[in-house]
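As structure tokens, the structure follows; a few thoughts come after it.
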Number of protein chains: 2
Amino acid sequence: MLERIHLAVIQAVDQHGSLTAAARRLHLTQSALSHTIRKLEHNLGTAIWLREGRSLRLTQTGEYLLSIANRVLPQLEHAESKLKQMVQGERGTLRIGMECHPCYQWLLKVVSPFLEHWPDVDVDVKQKFQFGGVGALLGYEIDLLVTPDPFYKTGLRFDPVFDYEQVLVVPDHHPLAARSYLNAEDLRNQVLLTYPVPPDRLDIYMQFLNPAGVVPKRHKTIETTDIMLQMVASGRGVAALPRWLAEEYSTRLPLKAVRLGRKGIAKQIYLGSRESDGDIEYLNAFIQLARSHEHPAAGTHR
Amino acid sequence: MLERIHLAVIQAVDQHGSLTAAARRLHLTQSALSHTIRKLEHNLGTAIWLREGRSLRLTQTGEYLLSIANRVLPQLEHAESKLKQMVQGERGTLRIGMECHPCYQWLLKVVSPFLEHWPDVDVDVKQKFQFGGVGALLGYEIDLLVTPDPFYKTGLRFDPVFDYEQVLVVPDHHPLAARSYLNAEDLRNQVLLTYPVPPDRLDIYMQFLNPAGVVPKRHKTIETTDIMLQMVASGRGVAALPRWLAEEYSTRLPLKAVRLGRKGIAKQIYLGSRESDGDIEYLNAFIQLARSHEHPAAGTHR
DNA sequence: ATAATCCATTAACATTATTCATGTGAAGAT
DNA sequence: ATCTTCACATGAATAATGTTAATGGATTAT
């Protein structure tokens, strides 16, 4: 009933002094405005202006409508300009899901230049998903998934962002620290520290221990990388982590990284996204940035 | 470009779950909504919903539009309900102009019950007018004029609200206090206190002194009634005021009211208004209230 | 499977909005 | 005074928008 055009006319007449001038401003004819306002006045049951000769004077109702116009129209105009930015992919929220605990550190390094280049794009990182990372992607809970497990499916797209080697992190003076590589048997008497995820999602089990039928002495789960490595340094156990992560921490803690198996465990991290989001500029930019920004230490493996 | 209907559709779809339900809610057909939204999406250059089978899921753009809808639509709805009240004369601002200094006290007695009956109508009182009270009325500076001088003219309407007698207020033990009435000559040696208005607007001059060619010893102007009467009580002069006003003060100050001339000076107060405002309920109500609320002391004169 | 529901689309039609051409009255200039 | 200009009103023609009705495709419920 009270439409945008009504408010626009009232505001324009106030600003430009006449219906005719307002019509020019709004790219409509004076006739159209006259008809429109006449109908509004009829619907309201009251005049908006008093016609005094050739000029218009606002009634109390008109004054009130003008105040509404001056309050509401800027909101709509602002919304429109924001929408334009969003459509051009310059503004939005990038919701990133993480299925790779240690990757958080790497992610921070990508996010920070991204935020600089895209000041109007917010980044949100989630770590828990009811139906797994891929489910979250398909269910539009997240827009981007950082995962070591690509799950090729129609509608999804996975871009490898970097390779790395999964290694065993042990204390500096640990008996295994000097070895050039380890066998599964070597872990039989070790306490293994991992993130709290099911063993079938842990590569050290799937690719190393299980094939040899070996079970470690104990298995403890720890949420955060920092604490986990503190524990390793103090001799409470050993952990399987990306080599680059181990090397980063080894400058601060007395740690050593040892290869798992003769050839090592090779891993890749992928960024999963929906194909339907292929036209979102900032999303593509993020993937681009991520690929060009592989971890410095990653190269040492190739 | 971004119209109310667009926001309404987005909000209704969010609230009722489907385009079809939203169409019912908005008293439009599903077809119309489908077309409307299609056009909006085309104009924006982006989808608002992702069509997933038979249900709609908001895109980021859509989420944003929904937030706008939830913010802007209530503003428009509120404005509409206020407008309805204004049109029914239940809400507004009554701007009262005063051309009768002592009437302020009387006005307060009318305004106070009025404000109680019309909680949504504000009252504003003005006392200065560039082109006089009638000019202010015609120029829409005020909506109601309290004046002793009706100025019948097309478009204006004057309602008498009460009669009163203009008397001379003197100190209790003043030589003139005992007289049953005064002649102009009696003022030749008095100091006359009046409000600061031109003598040709003062009845004591126009109707009493001037015809007799008498000029008082001195003429001082004072803004406020309270101070004026304090001065009279302390013997600094005499003042011409409505009888009811003098009587009201005489309970607190040692004052006496004496008739001017043998028949006294009869006065009337009018409420002036624009005929074009004849359909404003609260304005009529005010005039009605004013007429039924003449000052208690006024009756003594008739 | 079957039916029901929902969105998209099409086409004929109805309604509403806008334009175009013209009229009227007020203000200002000659 | 008369003329010109300006601004709003009006009515008919035209364009835009919404309705009705029918249909298809897809999904969900029974």
Side-chain angles (χ1 to χ4, degrees), chain A residues 1-59 61-62 65-66 135 138-140 154-155 276, chain B residues 1-59 61-62 65-66 138-140 153-155 276:
Chain A
M1 186 154 190
L2 186 56
E3 298 297 330
R4 178 173 188 170
I5 185 65
H6 299 135
L7 298 179
V9 171
I10 289 164
Q11 188 184 58
V13 167
D14 182 62
Q15 287 173 355
H16 299 92
S18 77
L19 249 194
T20 308
R24 265 197 302 279
R25 169 75 167 59
L26 298 173
H27 306 295
L28 288 171
T29 60
Q30 172 265 322
S31 175
L33 265 50
S34 187
H35 283 298
T36 303
I37 291 296
R38 163 166 294 275
K39 185 175 295 178
L40 175 62
E41 289 183 326
H42 182 258
N43 284 335
L44 289 178
T46 187
I48 291 166
W49 293 288
L50 296 166
R51 278 70 171 175
E52 295 184 338
R54 74 204 228 180
S55 71
L56 302 176
R57 177 201 299 280
L58 285 169
T59 60
T61 306
L65 277 167
L66 177 59
L138 290 171
Y140 288 85
T154 47
S276 62
Chain B
M1 184 155 190
L2 186 54
E3 298 298 330
R4 178 173 187 171
I5 185 65
H6 299 134
L7 299 179
V9 171
I10 289 164
Q11 188 185 56
V13 167
D14 182 62
Q15 286 172 354
H16 299 90
S18 76
L19 245 196
T20 309
R24 264 197 303 280
R25 169 74 166 59
L26 299 172
H27 306 296
L28 289 171
T29 59
Q30 173 263 322
S31 177
L33 264 53
S34 188
H35 283 301
T36 304
I37 291 297
R38 164 163 292 278
K39 184 177 295 180
L40 175 62
E41 289 183 326
H42 183 257
N43 283 335
L44 289 178
T46 186
I48 291 166
W49 295 287
L50 296 165
R51 277 68 169 176
E52 297 186 335
R54 80 202 224 177
S55 68
L56 304 175
R57 175 200 300 283
L58 285 168
T59 60
T61 306
L65 277 167
L66 177 59
L138 289 170
Y140 288 84
K153 199 190 155 170
T154 46
S276 61

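Chain identifiers are assigned alphabetically (A, B, ...) following the order of the sequence lines, protein sequences preceding nucleic acid strands; residue numbering begins at 1 within each chain.
- The side chain of B:T36 contributes no N or O atom lying less than 4.0 Å from OP1 or OP2 of D:dT17.
- The distance from atom NE2 of B:H6 to atom C1' of D:dT17 is 11 Å, rounded to the nearest whole Å.
- Proximity note for B:T29 (side chain, C-beta onward) versus D:dT17, D:dT10, D:dT19: the nearest is D:dT19.
- Nearest-nucleotide assignment on DNA chain C puts the 5′-proximal partner with B:R24, out of B:R38 and B:R24.
- On a pure distance criterion of 3.5 Å, a polar donor-acceptor pair joins the side chain of A:S31 and the base of C:dC20.
- Contact between the side-chain N/O atoms of B:K39 and the OP1/OP2 oxygens of D:dT17 is found at a separation under 4.0 Å.
- The distance from atom CD1 of A:I37 to atom P of C:dT18 is 11 Å, rounded to the nearest whole Å.
- Without hydrogens or angle criteria, B:T59 side chain to B:I48 main chain gives a donor-acceptor distance under 3.5 Å.
- Between B:R4 and A:L2 there is a side-chain heavy-atom pair separated by less than 4.5 Å.
- Checked by atom type and distance alone, the side chain of B:H35 never pairs as donor or acceptor with a backbone atom of B:A32 at under 3.5 Å.
- With hydrogens and angles left out, the side chain of A:H35 and the base of D:dG11 share a donor-acceptor pair within 3.5 Å.
- Contact of B:S34 with D:dG18 (side chain to base): no donor-acceptor pair of N or O atoms is detected under 3.5 Å.
- Taking the side chain of A:T20 as heavy atoms from C-beta on, and the options D:dT10, D:dC8, D:dT19, the nearest nucleotide is D:dC8.
- The CG atom of A:L19 sits 14 Å away from the P atom of C:dT18 (whole-angstrom rounding).
- A donor and an acceptor atom sit less than 3.5 Å apart, one in the side chain of A:Q30 and one in the base of D:dA9.
- To the nearest 0.5 angstrom, A:S18 atom OG is 13.0 Å from A:R25 atom CZ.
- Protein atom CE of A:M1 is 14 Å distant from nucleotide atom P of C:dT16, rounded to whole Å.
- Distance from the side chain of B:L28 is smallest to D:dT19 among D:dA7, C:dC20, D:dT19.
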